[in-house]
Amino acid sequence: MNKLTDSQQEAIDDIIDNFDFDKVYEAMSALSWFWYQPDEAYRVPTVYELRKKARGLLKEVVLSSSLDISTGGFDVTKEIIDGEVNLKLSFVLEQEDCTFSI
C-alpha cells in the first residue's frame, strides 16, 4: 500500500480524534454485536480495536480507487468534488436500500 501524504494523515487523524468511539462501543455492547477476534473467538471489540479498524479503513479508502468500504458496522466513504476530497466515517445500525428501473 502507498504512503499517506501529510494532508491525508491529518484528515484521518481529525476524523479519529472527533469520532465518538465510546458511543459505538456502548451500542455494540447493548446489542451484543460481536466481531470475530482470532485470539478469543467472538466478542465486542474494545474502543482501541474500534479505533484501529476505523483508521485502517480510512487509510484503505484514501489510498485506493474505492469510494466506499464497509465492514463490522463501519462505513467509510470518499467523495471527490472539484479536486477536493471529503472523507466520512459512519457507524451504521440500520440501513435500507432499494433499486428500481426508471
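Only heavy atoms go into these numbers, but all of them, side chains included; no hydrogens, no water, no symmetry mates. In this chain, residues are counted from 1 in sequence order.
- Within the structure, ring-ring contact (aromatic ring centres under 6.0 Å, His included) contacts touching residues 82-102 (residues at least two apart or in different chains) are Trp33-Phe91, Phe74-Phe91.
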Item to complete: Run the numbers on Leu31 and Leu93 for side chain to side chain contact (heavy atoms under 4.5 Å, CB included), then give the verdict.
Response: CA-CA 10 Å; Leu31 296 169; Leu93 291 177; 3.8 Å; yes
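- Residue pairs meeting the side-chain hydrogen bond (donor to acceptor under 3.5 Å, both in side chains) criterion with at least one member in residues 41-55, sequence neighbours excluded: Asp13-Arg55, Glu40-Arg43, Arg43-Glu49, Thr46-Glu49.
- Applying the salt bridge (charged side-chain N to carboxylate O under 4.0 Å, His left out) test to every pair with at least one member in residues 92-102, sequence neighbours left out, gives no pairs at all.
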Return a table of donor-acceptor pairs under 3.5 angstrom between the side chains of residues 15-23 and protein atoms on other chains or two or more places apart.
from  : atom 1 : to    : atom 2 : distance (Å)
Asn18 : ND2    : Asp14 : O      : 2.7
Asn18 : ND2    : Asp14 : OD1    : 2.9
Asp20 : OD1    : Asp22 : N      : 3.3
Asp20 : OD1    : Lys23 : N      : 3.0

Practice prompt. Evaluate side chain to side chain contact (heavy atoms under 4.5 Å, CB included) for Lys88 paired with Asp75, printing each intermediate quantity in order.
Written response: CA-CA 8 Å; Lys88 179 179 174 183; Asp75 183 51; over 6 Å; no
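- Taken to the nearest 0.5 Å, the CG atom of Leu57 stands 8.0 Å off from the CG atom of Leu89.
- Annotation: ring-ring contact (aromatic ring centres under 6.0 Å, His included) contacts involving residues 49-72, sequence neighbours excluded, are absent.
- A chain of hydrophobic side-chain contacts below 4.5 Å, direct or via other Ile, Leu, Val, Met, Phe, Trp or Tyr residues, connects Ile69 to Tyr36.
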In residues 76-86, what donor-acceptor pairs under 3.5 Å come from side-chain atoms, sequence neighbours left out?
from  : atom 1 : to    : atom 2 : distance (Å)
Lys78 : NZ     : Val61 : O      : 2.7
Lys78 : NZ     : Ser64 : O      : 2.6
Lys78 : NZ     : Ser66 : O      : 3.3

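- Considering only residues two or more places apart in sequence or on other chains, Ser32 meets the side chain to side chain contact (heavy atoms under 4.5 Å, CB included) condition with Phe34.
- Separating the CD atom in Gln8 from the CG atom in Leu58 is a distance of 11.5 Å, to the nearest 0.5 Å.
- Annotation: ring-ring contact (aromatic ring centres under 6.0 Å, His included) contacts of Tyr25 (sequence neighbours excluded): none.
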